[in-house]
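Below, all heavy atoms of this structure are taken into account, side chains as well, without hydrogens, waters or symmetry copies. Quantities reported herein were computed from a predicted structural model and do not represent experimental measurements.
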Amino acid sequence: MWVFMRRYALFAFFCCFVALSPGLAHAASGSAAEAVAQAPPPVLWQDLEPGLALAQIPLQEARPFLEPKTPALPVSDNATIPAPALTPGPVESSPPPMLIALRIDPERYTLTLHMASSDQPRSLPDLAARHHLSAAINASMYLPDKRTSTGHMRNATHVNNPRVVEKFGAFLVTQPKVPGLPRALLLDRAEDDWQTALERYSLVIQNYRLNNVQGKVLWSSEGPPHSIAALSQNKAGQLFFLLCPDPVQPALFAAALLHLPLGLRTVMYLEGGSQAALLVKAGGVEQVWVGRHASGLWGTSGRPDAALPNVLGIRPRAVGE
């Protein structure tokens, strides 16, 4: 009797397993499909020159990657940017915003800073022609005088703004004074020894962080969308000039960047709205992408020849430099 009951129990279990197997397989395939659907798209890089590559990447909806609430940090970059008033565009189905990304090897390219306070505001094409730049992007936001950066800014020969702003959490440092140091670093105020770095590097730009090195978005998920120019660095030390010409909410922009397979650490905000721009002049590509307001469908896009107060550029590194 016990042997019969045991065999019957095994038979019943087998029947139940067969009956449930299609459902289990469907559930498993559904989970796999969902994982694939949420995976970031591959980044297709166009090699322009050794150490320089360009990609145009659609920024998919990033809201699922945002935390419901962002608590205030001791050093908070979650603040209102002093940008022009923006009007949200119509709510309708449209293609995702496009990210223009330029990946730079600082071992092969020298970063240069061009400040209106030591010269005059100039357009990106003008600066590229004068200084043989392979690429250029906004260096920072600026004060009402249209010359002074909102954060600390200087190079080896000129100081644009001597003040280190307490609430700005990102620093780009380059042009090391001491041999053997990394060519360029993007530092997080809450994690890195930025005070020492400011003493060891000649070129410094300070601005807001969009996220911290732990991958936490620091900005509020509220606020009007606008075009964004930004700068970042990955774990391998490569720098990224980043521009989203389409209006996008900054917190969603930051979350989408962190979801892409770029390995980015801190992302530094540079400029927004129609002033945001990126020039690439290398490898057969010669183009200026410009930002626009959310109402840019009706003619408020920026101009490629617009003069900008402060510009960060790159040029091929000379032998022995």
Side-chain angles (χ1 to χ4, degrees), residues 40-60 95-114 121-139 172 174-175 183-184 186 203 205 227-234 236-246 248 253 256-257 260-264 267-268 270-271 274-292 296 301-308 310-321:
V43 177
L44 303 178
W45 291 100
Q46 176 187 357
D47 291 324
L48 303 178
E49 304 287 353
L52 195 65
L54 178 69
Q56 300 189 44
I57 311 166
L59 290 180
Q60 303 297 336
M98 189 65 64
L99 171 70
I100 313 300
L102 186 69
R103 188 180 64 196
I104 305 156
D105 181 357
E107 291 295 326
R108 292 181 175 270
Y109 286 86
T110 296
L111 280 84
T112 60
L113 180 58
H114 309 275
R122 296 187 184 276
S123 69
L124 297 185
D126 184 13
L127 288 169
R130 286 173 179 269
H131 301 281
H132 308 289
L133 302 180
S134 300
I137 196 170
N138 309 80
L172 170 69
T174 186
Q175 298 181 6
R183 299 283 193 181
L186 186 61
L203 193 159
I205 298 172
S227 305
I228 298 175
L231 177 73
S232 191
Q233 187 172 36
N234 64 13
Q238 296 168 314
L239 293 170
F240 292 79
F241 284 2
L242 305 167
L243 178 74
C244 185
D246 304 305
V248 63
F253 173 75
L257 285 182
L260 291 172
L262 300 176
L264 302 182
V267 179
M268 182 166 76
L270 295 176
E271 184 58 281
S274 60
Q275 288 284 312
L278 170 64
L279 172 144
V280 174
K281 189 177 180 181
V285 175
E286 186 168 348
Q287 186 169 346
V288 180
W289 293 269
V290 295
R292 61 182 174 87
S301 296
R303 294 177 16 240
D305 61 347
L308 301 176
N310 300 301
V311 171
L312 180 65
I314 62 167
R315 58 173 173 78
R317 190 174 295 279
V319 177
E321 187 177 14

Check against side chain to side chain contact (heavy atoms under 4.5 Å, CB included), Leu186 and Met268: CA-CA 8 Å; Leu186 186 61; Met268 182 166 76; 4.1 Å; yes
Side chain to side chain donor-acceptor pair (under 3.5 Å) with [X]: which residues, sequence neighbours excluded?
{"X": "Arg122", "result": "Asp119, Asp126"}
{"X": "Arg317", "result": "Thr110"}
{"X": "Gln238", "result": "Asn234"}

Main-chain N/O of [Y] paired to [X] side chain as donor or acceptor, under 3.5 Å:
{"X": "Gln175", "Y": "Leu111", "value": "yes"}
{"X": "Thr174", "Y": "Arg183", "value": "yes"}
{"X": "Asp305", "Y": "Pro125", "value": "no"}
{"X": "Glu271", "Y": "Gln275", "value": "no"}

Glu286: salt bridge (charged side-chain N to carboxylate O under 4.0 Å, His left out) partners, not counting sequence neighbours: none
Set of residues satisfying salt bridge (charged side-chain N to carboxylate O under 4.0 Å, His left out) with respect to Asp246, sequence neighbours excluded: Arg292
State, to 0.1 Å, how close [X] and [Y] come at their nearest heavy-atom pair, and which atoms those are.
{"X": "Pro245", "Y": "Trp289", "value": "CG-CB, 4.5 Å"}
{"X": "Leu59", "Y": "Phe253", "value": "CD1-CD1, 3.7 Å"}
{"X": "Ala139", "Y": "Leu312", "value": "CB-N, 3.7 Å"}
{"X": "Leu243", "Y": "Ala276", "value": "CD1-CB, 3.8 Å"}
{"X": "Ala184", "Y": "Leu239", "value": "CB-CD1, 3.9 Å"}

Just to verify, what does [X] make a side chain to side chain contact (heavy atoms under 4.5 Å, CB included) with, not counting sequence neighbours?
{"X": "Pro304", "answer": "Val288, Val290"}
{"X": "Ser134", "answer": "Leu52, Tyr109, Ala282, Ile314, Pro316"}
{"X": "Ala128", "answer": "Leu133, Leu279, Lys281"}
{"X": "Ala55", "answer": "Val43, Trp45, Ile57"}

Can you tell me how far the [atom1] atom of [X] sits from the [atom2] atom of [Y], to the nearest 0.5 Å?
{"X": "Leu278", "Y": "Ser227", "atom1": "CG", "atom2": "OG", "value": "12.5 Å"}
{"X": "Ile137", "Y": "Leu242", "atom1": "CD1", "atom2": "CG", "value": "6.5 Å"}
{"X": "Gln56", "Y": "Ile100", "atom1": "CD", "atom2": "CD1", "value": "4.0 Å"}

Quick one: does [X]'s side chain get under 4.5 Å of [Y]'s, heavy atoms only?
{"X": "Leu231", "Y": "Phe240", "result": "no"}
{"X": "Leu48", "Y": "Val285", "result": "yes"}
{"X": "Gln287", "Y": "Val280", "result": "no"}
{"X": "Asn138", "Y": "Asn310", "result": "no"}
{"X": "Leu99", "Y": "Leu260", "result": "yes"}

Partner of Ser232 under side chain to side chain contact (heavy atoms under 4.5 Å, CB included), chosen from Leu264, Leu262, Leu172: Leu264
Set of ring-ring contact (aromatic ring centres under 6.0 Å, His included) partners for His132, sequence neighbours left out: none
Inter- and intrachain pairs under salt bridge (Lys or Arg N to Asp or Glu O under 4.0 Å), touching residues 43-58, at least two apart: none
